Structures are given as structure tokens and as C-alpha cells.
Number of protein chains: 2
Amino acid sequence: MNRDAKRTLLQDVAREAGVSTASVSRVLNRAPHVSERLRNRVEAAIDSLGYVPDGTARALASRRIGAIGALVPTLDNPVFSAMIDSLEQRLKQYDCRLLIATYRYSLDEEVESLRTLIQQGIDGAVLIGHDHLPATLELFRRHEVPYLTCWHSEEDPDWPSIGFDNAAPARHLAEHLIDLGHRRFGVISAPVDGNDRARARLAGFRQALETAGLDLADDHVVTVEYGIEEGAAAFAELMRLMPRPTAILCGNDVLAFGAMFAAAQAGIAIPDDLSITGFDDLPQSRFMHPALTTVAAPSAEVGRLVADTLVARIRGDQTPHRQVLEARVVLRGTTAPPLHEMEPA
Amino acid sequence: MNRDAKRTLLQDVAREAGVSTASVSRVLNRAPHVSERLRNRVEAAIDSLGYVPDGTARALASRRIGAIGALVPTLDNPVFSAMIDSLEQRLKQYDCRLLIATYRYSLDEEVESLRTLIQQGIDGAVLIGHDHLPATLELFRRHEVPYLTCWHSEEDPDWPSIGFDNAAPARHLAEHLIDLGHRRFGVISAPVDGNDRARARLAGFRQALETAGLDLADDHVVTVEYGIEEGAAAFAELMRLMPRPTAILCGNDVLAFGAMFAAAQAGIAIPDDLSITGFDDLPQSRFMHPALTTVAAPSAEVGRLVADTLVARIRGDQTPHRQVLEARVVLRGTTAPPLHEMEPA
DNA sequence: TTGTAGGCGTTATCAT
DNA sequence: ATGATAACGCCTACAA
């Protein structure tokens with residue numbers, strides 16, 4: 001009786017079953033060319049000994065760890081946690097684990113986190129968005145780690161992707177407001193530095209306005225960090241403009257929540273006095289008063305598809321370089337014609 | 001020029017620096033008794049070769065993988081994603097990675113996920129709550145994996161914990177409503193099966209009511225899955241009761257959101273016609289109209305403390321068996337005296 | 001303080 | 001189809 005009852009090894013299983021360690025390994029890995037009889041003997045031995053394979057030894061010998069890495073800016077944003085949630089669920093079906101790292105929107109930290117994950121031996125990785133440092137790409141290349149980006153739809157030979165167009169729906173939102181008769185706009189944007197999604201959305205807003213011959217002065221675009229309170233503060237800033245905007249486009253739903261809250265505080269009626277839009281379609285956006293007009297980001301779908309595609313890439317299968325999902329505009333109650341609007345000059 | 005330019009190994013670094021592999025290993029692991037000179041030589045060699053240690057080999061040889069596992073019911077619930085977010089951030093400071101697995105509130109699936117994580121070689125694990133299958137405990141014991149539970153405050157020699165009391169604040173919420181003059185209550189609860197937190201909260205509600213000599217009939221407790229829509233449906237069910245409750249206690253904020261939405265739809269004024277409470281204090285709860293009376297679950301704090309404590313346990317340090325954080329009742333705008341209430345008989 | 005060498009538990013390449 | 005056995009890359013007694 002050893003003082004720490006040595007764990008049972010593959011070798012013990014082999015002895016118990018009266019076969020070679022190679023055969024046990026084959027059974028474990030469902031390798032072809034294994035006789036029914038041998039398989040049964042081995043499986044019986046495994047059961048009777050309660051054998052559990054050692055993942056680290058297996059990883060060293062096989063050069064794959066059975067886990068992928070996901071690098072996300074933060075899990076505090078529900079769109080990302082929803083994506084990660086569905087990603088993990090799907091990976092489980094492939095018997096693949098998930099290693100998470102967050103980088104607080106710092107691309108430098110993203111590189112560092114990726115480095116440690118690669119060191120850890122991940123079989124593949126998924127990144128958010130299209131903005132990354134060159135060092136990131138170099139790490140993937142040098143260590144030959146299969147990777148994917150998601151949440152954007154840029155065409156780029158360096159970055160295979162699964163996502164959706166962030167600019168077009170943003171443009172549609174702005175066009176919708178223009179069609180309703182709005183002429184004076186305000187924008188609340190997330191910081192665009194290192195965040196291509198925020199940038200694309202802002203660009204979409206701008207494009208629609210320019211096409212309509214409308215001006216969007218710099219002081220009509222307020223940039224704030226993610227957060228309801230931040231959205232409320234940005235809203236207050238926009239409301240100090242004279243003349244006031246009649247519509248406010250927000251870079252995401254949470255900023256829109258903040259804007260709606262501040263509007264209510266200030267006694268500004270949505271959508272009668274002012275229209276507001278979001279982007280993401282968080283679960284509660286449907287259940288507000290009024291319900292938020294926004295764009296539905298397909299979080300869960302992205303997660304599933306990333307799992308399917310990354311696993312395929314790891315296997316060496318061919319996969320589409322770029323997959324674009326639909327991000328649909330959802331018209332609800334926060335957008336309406338500008339009631340108290342004067343006709344443009 | 002090999003066709004796959006073999007990666008540089010620790011051995012290569014040793015040769016380059018003109019020292020033994022053991023010395024390189026020592027430098028890598030910040031072992032004591034290493035001369036300044038040797039360290040510099042080795043570090044120079046590491047830089048010049050761009051050496052990156054192999055995590056899998058290190059894991060096999062050292063018997064630790066540099067990652068812990070977190071088993072959570074789902075990441076779709078913001079309280080959990082917030083906790084995981086802070087957990088991961090803190091773990092990074094200890095140079096420790098995070099492996100995530102979700103189990104959709106199925107304790108059987110929890111066991112299975114734990115098994116694969118342990119097989120993966122995790123250095124430690126954290127579980128949510130106090131409800132677990134015996135097999136879970138056995139896995140920890142058998143594989144000698146340090147572990148922690150969180151989000152509850154049960155005293156149990158088997159389960160070291162970091163969390164907060166779920167029952168007491170729930171009781172306080174109910175007491176507060178009783179003090180305001182409410183006598184007829186409804187409860188919207190999450191499924192309590194395998195969920196000690198939901199059970200504790202419900203028990204807290206019950207206890208306060210019983211102490212006050214009030215009745216809570218079975219049909220005044222509606223159990224629904226997590227979700228705004230689910231909360232709304234439960235609310236509708238409670239509103240069909242005659243006489244109607246004047247206060248509704250919800251098992252979490254999201255259910256409360258649903259209830260508030262349904263109330264607004266039905267033209268029931270909160271808090272004048274009806275009081276509503278939640279539990280969790282999600283970011284938006286403060287920014288609703290009216291703002292939600294609820295209990296603040298210290299998500300981020302739990303995450304940080306779990307990281308600190310689990311890492312200490314892995315090192316073999318002594319840590320408190322049970323750490324109880326404060327979960328404070330936050331009185332806001334959804335609770336008020338029952339305006340249209342008759343005096344109790 | 002530094003070097004030598006034997007594991008760590010599998011997988012995978014050969015034979016047979 | 002099955003069996004020997006050499007990797008896999010690093011850590012760590014133990015020796016010097």
C-alpha cells in the first residue's frame with residue numbers, strides 16, 4: 001500500500017487486459033483495425049480499474065491538448081458572454097474544452113494573452129474582431145495554430161472570419177431615421193481605437209448621413225466607454241447642443257439604455273421628442289418602454305459556427321475563409337418621426 | 001533546413017548559453033540559488049532564440065498545468081459572467097489560466113464536465129453553489145484536486161466556500177414589504193431543483209412571512225425558468241389570483257424585469273398598485289423606472305476572492321474554510337406601501 | 001551553485 | 001490486427 005496509492009496507468013490496464021499498451025491506446029482513441037474482442041477486453045479492464053487517461057501525457061505525446069482558446073475584450077458585455085456560452089456548449093460536442101482570456105480592449109494585452117495560451121498548447125484560437133497587432137498574426141503563423149476571427153465581416157486574406165456586417169445595419173438604422181424625417185443627429189459611440197466594430201458602426205451612420213447630404217459635426221459624436229451610466233452622461237452632453245438633435249444613434253444597446261434613462265430623467269419623451277437606436281439586441285431591449293429599435297447581433301449563432309469551423313480547421317478540413325451572418329435591423333418603439341421638428345431650411 | 005524548422009527547445013537554449021538544461025529550467029522557474037551571471041546568459045539565449053517553453057511537457061513533468069477549471073450553470077446569466085470575468089482577470093496575475101465548462105443546471109452534466117476537466121489536468125476547480133452530486137466530491141478526493149464552491153454560504157465540512165447568505169437578504173426584503181404594510185404576497189422563483197441559491201431565497205421569503213403570521217399558499221409561488229419572458233408569464237399567472245397580491249418577490253432580477261414589463265403592459269403601476277423585488281442587482285436595475293429594489297450580489301468580489309483563495313490552496317497554503325461576503329439589500333423605487341390595500345381582518 | 005540522468009504517461013512508428 | 005519501443009519536452013532528485 002503506497003502512501004499515495006499510485007494512480008492506475010495505461011500500463012496497468014494493458015497488464016490487466018493482457019494486451020500491449022499500444023492496443024489500449026488504440027482502443028482509447030477509437031483507432032481503426034481493432035478487433036471487437038480486444039476492444040471488449042480492454043474496456044472491461046478500464047472499467048474494473050477505473051482508469052482515467054492523463055490529459056497532460058496525452059497532450060505531450062499527441063501534440064494536441066483538446067482545448068481551444070478564446071480571446072475576448074471582456075465577459076462583462078452580454079453579447080460576448082452569450083457567444084462564449086454557445087461556443088462552449090458546441091465545443092463540448094466535439095469533446096473540446098475552452099480556455100478563456102480577456103484583454104480589456106488592449107491589443108497589447110491580447111498579444112500577451114495569446115502567447116500564454118499558445119504556450120499552454122491550445123489546438124486553435126478565436127479572436128474578436130478585425131483589429132489586431134501584427135505580433136498576433138506572427139504568433140499564429142510561427143506556432144502553426146489554426147485560428148479564426150469573429151464578430152466582423154472584413155475581407156482579409158490574413159484573417160479568416162465568421163461574423164456580420166457592422167456598417168450596413170448601422171447605415172440602415174440611420175437611413176430609417178432619415179426616412180422618418182430626422183435631420184439633426186447625435187451619435188454615442190464606444191471608443192473606436194482597436195475596435196473595428198465600433199468604427200464600422202460609426203462609419204455606417206456617417207455614410208447614411210453624408211449620402212443624405214446631412215452634416216454630422218464632431219461635437220455631435222460623443223465617445224464614451226461601455227456602460228449605462230456612460231451612455232447617460234453622453235446623452236446629457238448631446239442634449240446641451242443647440243439646436244438639439246432629434247435622433248440619437250448609439251453604438252450599442254447598453255449605451256442606448258443609458259440614453260433612454262437620461263431622457264426619462266430629463267422629461268424627454270421617447271420617441272415623440274427624440275428617437276434613439278441601439279445595436280446588439282440584448283434580451284431586455286425587447287422589453288423596455290418603449291422597446292428599443294436596434295440591430296440583432298447573432299451571438300449564439302456566431303458561437304456555434306465558430307466551434308464547428310475551428311474544429312474543422314484543426315482537423316485540417318477546408319473551411320470557408322469568410323462567413324457572413326445576418327444582422328438584421330429590428331424596428332421597435334424608440335424611433336418615430338420628429339414631432340416638434342421644423343422643416344429643414 | 002528541415003521542412004518544419006524544428007521548434008527551439010530548452011536543450012537548444014542550454015547549448016546556446018553553454019549551460020545545462022537543468023540550469024535553464026531553474027531560470028525559467030525562478031528557482032533559488034541561481035547566480036546572476038548564469039541567469040543573464042540564459043535569458044540572453046532565450047531572447048535570441050525566441051524560445052517559448054512547451055506547456056504540455058512542463059505540465060507532464062511538473063504535475064501542474066497552470067490552469068484551473070470553473071464549472072458554471074450558464075454564462076448567459078450576467079451575474080455568472082461578471083464573476084468569471086473578474087476571476088479570469090485575477091488569475092492572470094498569478095499566471096494562471098481559466099478553463100470554463102457550463103452544465104445548464106444539470107448536476108449530472110456537472111459531474112461529467114468536471115471529469116473531463118480533471119482528466120485535462122486542472123490544478124484546481126471552482127463550482128457554483130452547494131448542491132452537487134456525491135460523485136463530484138469523490139472526483140475531487142480521488143484525484144486530490146483542490147476545490148472551492150461559491151455563491152452560497154452553507155457551513156459544510158465537505159465544501160469550502162466563498163459566497164454570501166442567500167436566505168437572509170431575501171428575508172429582509174420580505175420583512176421590508178411587511179413593514180410597509182403588505183399582507184398578500186406572490187413569489188416568482190427559479191427552479192429550486194439542484195439550485196440551493198434559489199431554494200435559500202425562497203426559504204428566506206417564507207420565513208419572513210411565517211414569522212409575521214402570513215400565509216403563502218402554493219399557488220402564490222410560481223416557478224419558472226430564467227428569462228424576462230418567463231418572469232412576465234409568471235407575473236400574469238399571479239395577477240389572476242383573487243384577491244391579488246400587493247407585492248411580488250422575485251428570485252432574481254431578470255424575473256423581476258419580466259414582472260415589471262408585464263405590469264406595465266397590464267397598466268399596473270409600480271410601486272403604487274404593486275411592489276416588486278429582485279435579487280442580484282444587475283447593472284440596469286439601478287436605471288429602470290422605477291429603479292428595482294433588490295439584493296446586491298457581490299459578483300466581482302466573489303471572482304477575485306475565489307482566485308486568491310484557490311491559488312493559495314493549490315500552493316498548499318491554509319485558507320479559511322468558509323468566507324461570507326455581504327449581500328446587501330438595496331431599497332429603491334419598486335417597493336412602497338400598498339395604496340389600495342384594505343386593513344387585514 | 002551547477003550538471004547528470006531518470007522519469008512523467010501517452011502516442012505513434014515500426015515491425016511482425 | 002497486435003506488440004515493442006522510441007519519442008514527446010521538461011522537471012527534479014541526486015551528485016558533484
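Below, chain A is the first sequence line, B the second, and so on; all start at residue 1. Keep in mind the model is a prediction, meaning the values are calculated, not measured.
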Gap between atoms [atom1] and [atom2], on [X] and [N] respectively (whole Å):
| X | N | atom1 | atom2 | result |
| --- | --- | --- | --- | --- |
| B:Asn40 | C:dT1 | CG | P | 15 Å |
| B:Arg63 | C:dG6 | CZ | P | 20 Å |
| B:Arg30 | C:dT1 | CZ | P | 18 Å |
| B:Asp54 | D:dG9 | CG | P | 6 Å |
| A:His33 | C:dC14 | NE2 | P | 16 Å |
| A:Asp12 | C:dG9 | CG | P | 10 Å |
| A:Gln11 | C:dT10 | CD | C1' | 11 Å |
| A:Ile65 | D:dG9 | CD1 | P | 15 Å |

Quick one: does any side-chain atom of A:Lys92 pair with a main-chain N or O of B:Ser113 as donor and acceptor, under 3.5 Å?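 Checked: no pair found.
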
Any donor-acceptor pair under 3.5 Å from B:Arg304 side chain to B:Ser86 backbone: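 Absent.
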
Do any side-chain nitrogens or oxygens of B:Tyr51 fall under 4.0 Å of OP1 or OP2 in D:dG9?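 Answer no for this pair, as no side-chain N or O of B:Tyr51 is under 4.0 Å from OP1 or OP2.
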
Minimum heavy-atom separation for B:Ala17 and B:Val42, please, with both atom names.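 Of all heavy-atom pairs spanning B:Ala17 and B:Val42, the closest is CB-CA, 4.1 Å.
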
Geometric class of the B:Tyr147/B:Phe140 ring pair [parallel <30°, tilted 30-60°, perpendicular >60°]: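 Rings of B:Phe140 and B:Tyr147: parallel, as their planes differ by under 30°.
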
Could you check whether the rings of B:His132 and B:Trp159 sit parallel, tilted or perpendicular, using 30° and 60° as the cut-offs?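 Correct class here is tilted.
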
Do any N or O atoms of the protein come closer than 3.5 Å to N or O atoms of nucleotides 11-13 of chain C, and which pairs are they?
unit_1	atom_1	unit_2	atom_2	d
C:dT11	OP1	A:Asn29	OD1	3.4
C:dT11	OP1	A:Asn29	ND2	3.2
C:dT11	OP1	A:Arg58	NE	3.0
C:dT11	OP2	A:Ser25	OG	2.6
C:dA12	OP1	A:Arg64	NH2	3.4

How far does the helix from C:dT1-D:dA16 to C:dT16-D:dA1 bend, going by the axes of its first and last five pairs, to the nearest 10°?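 Roughly 30° between the end axes, to the nearest 10°.
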
Starting the side chain at C-beta, find the nucleotide from C:dT1, D:dG3, C:dG3 nearest to A:Leu38.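 Of the options given, the side chain of A:Leu38 lies nearest D:dG3.
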
Using a 6.0 Å cut-off, check whether atom CZ of B:Arg39 has over 12 heavy atoms from anything other than its own residue.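 Yes, the 6.0 Å shell around CZ holds more than 12 heavy atoms from other groups.
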
Looking at [Y] and [X], is any side-chain nitrogen of the basic one under 4.0 Å from a carboxylate oxygen of the acidic one?
| X | Y | result |
| --- | --- | --- |
| A:Arg104 | B:Asp85 | yes |
| A:Asp54 | B:Arg63 | yes |
| B:Glu112 | B:Arg115 | yes |

